[in-house]
Amino acid sequence: MPTVLGVFDSEEPAQQAISRMKENGISEERISLVAKRDEGQDMEAGGEMRGEEQDLADGTVTGGALGGIGGILAGAGLLAVPGVGPILAAGPLAAGLSGVAAGGIAGALVDYGVDEDTGERYAQEVEQGRILVAAEETDENRVSEVANILRENGAYDVEQH
């Protein structure tokens with residue numbers, strides 16, 4: 001299934017793009033988000049924050065670690081990625097990140113269908129504090145629509161894989 005990925009410098013335009021995709025009929029289950037969070041959560045490498053510390057329904061974590069972007073997609077959660085720190089992840093990419101120890105973000109992107117060089121590039125963007133948004137779409141016309149939504153809302157490095 002084709003996937004469109006784009007990088008955002010800040011949370012607000014990423015939120016706007018995700019909202020716009022949902023308004024245009026892109027299923028929330030096909031939208032992924034990966035963003036580095038500030039150190040400040042006591043987590044073990046490869047661990048997840050669940051239960052009392054996190055309310056997945058409204059995207060809040062004790063201390064406000066998720067921020068507003070965490071509530072934009074259901075099921076958003078924090079993961080500790082070795083060598084990177086806390087990562088906010090939601091959507092199909094989150095499943096790949098929850099099992100990574102050695103491969104990190106780049107490894108999860110490769111498993112998601114992105115070539116290794118591109119996966120490394122996107123991983124570096126996230127590690128530097130930027131936000132990766134991705135959407136899977138089977139209809140070729142919708143793929144172009146998703147790419148346009150990402151670009152119109154400020155994404156750069158927008159690619160289809």
Side-chain angles (χ1 to χ4, degrees), residues 1-37 46 48-50 54-61 65-81 84 86-100 103-127 129-161:
M1 177 177 314
T3 301
V4 181
L5 301 100
V7 179
F8 291 88
D9 283 324
S10 62
E11 292 182 4
E12 186 175 336
Q15 287 177 330
Q16 291 171 344
I18 291 169
S19 293
R20 184 125 172 266
M21 283 189 279
K22 290 170 26 177
E23 289 168 5
N24 282 291
I26 307 298
S27 170
E28 184 170 309
E29 291 79 30
R30 292 187 174 187
I31 302 171
S32 294
L33 172 131
V34 180
K36 185 173 180 180
R37 304 319 292 168
E48 298 182 38
M49 290 189 66
R50 298 272 179 228
Q54 182 171 336
D55 181 348
L56 296 177
D58 68 9
T60 60
V61 172
L66 285 181
I69 200 161
I72 196 79
L73 291 171
L78 282 176
L79 305 168
V81 176
V84 178
I87 296 291
L88 170 66
L93 264 173
L97 281 170
S98 65
V100 299
I105 297 168
L109 287 166
V110 169
D111 290 346
Y112 195 57
V114 175
D115 65 80
E116 191 172 333
D117 290 339
T118 303
E120 279 294 330
R121 189 176 74 244
Y122 281 130
Q124 288 173 1
E125 293 283 1
V126 171
E127 290 169 19
R130 294 178 189 92
I131 300 160
L132 176 65
V133 175
E136 301 173 339
E137 187 51 65
T138 55
D139 182 338
E140 188 62 39
N141 293 327
R142 302 293 309 256
V143 169
S144 297
E145 178 184 349
V146 168
N148 287 336
I149 289 171
L150 292 173
R151 286 186 190 101
E152 288 169 3
N153 285 279
Y156 63 93
D157 205 2
V158 176
E159 292 188 12
Q160 175 186 337
H161 291 272

**Study point:** Check against side-chain contact (heavy atoms from CB on, under 4.5 Å), R142 and N24
**Key:** CA-CA 10 Å; R142 302 293 309 256; N24 282 291; 4.3 Å; yes

Practice item. Go through the steps for E125 and Y156 under the test side-chain contact (heavy atoms from CB on, under 4.5 Å), then give the verdict. Key: CA-CA 11 Å; E125 293 283 1; Y156 63 93; 2.8 Å; yes

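The CD atom of Q15 lies 8.0 Å from the CD1 atom of I131; values are rounded to the nearest 0.5 Å. Here the NZ-CD1 distance, from K22 to I31, works out to 6.5 Å after rounding to the nearest 0.5 Å. How far CD of E145 is from CG of L150: 10.5 Å, rounded to the nearest 0.5 Å. Taking CD1 of I87 as the start and CG of L33 as the end, the distance is 10.5 Å to the nearest 0.5 Å.
Residues forming a side chain to side chain donor-acceptor pair (under 3.5 Å) with D157 (at least two apart in sequence, or on another chain): R121. For A134, the side-chain contact (heavy atoms from CB on, under 4.5 Å) partners at least two apart in sequence or on another chain are T3, L5, S32, L93, Y112. E127 is linked by a side chain to side chain donor-acceptor pair (under 3.5 Å) to nothing, counting only residues two or more places apart in sequence or in another chain. Remark: E29 pairs with S27 by the side chain to side chain donor-acceptor pair (under 3.5 Å) rule, at least two apart or across chains. A search for side-chain contact (heavy atoms from CB on, under 4.5 Å) contacts involving D115 returns D117, T118, H161, not counting sequence neighbours. In this structure, the salt bridge (Lys or Arg N to Asp or Glu O under 4.0 Å) partners of R30, at least two apart in sequence or on a different chain, are E137.
In plain terms, the two heavy atoms of G119 and V114 that are nearest each other are N-CG1, 3.5 Å. V126 and K36 make their closest contact through O-CB, 3.4 Å (heavy atoms, listed as atom of the first residue, atom of the second, distance).
By the 4.5 Å heavy-atom criterion applied to side chains, L109 and L132 are counted as neighbours. Side-chain contact check for I105 versus Y122: every heavy-atom pair is 4.5 Å or farther apart.
Applying the side-chain hydrogen bond (donor to acceptor under 3.5 Å, both in side chains) test to pairs two or more places apart or on separate chains, those with a residue in residues 146-155 are R20-E152.
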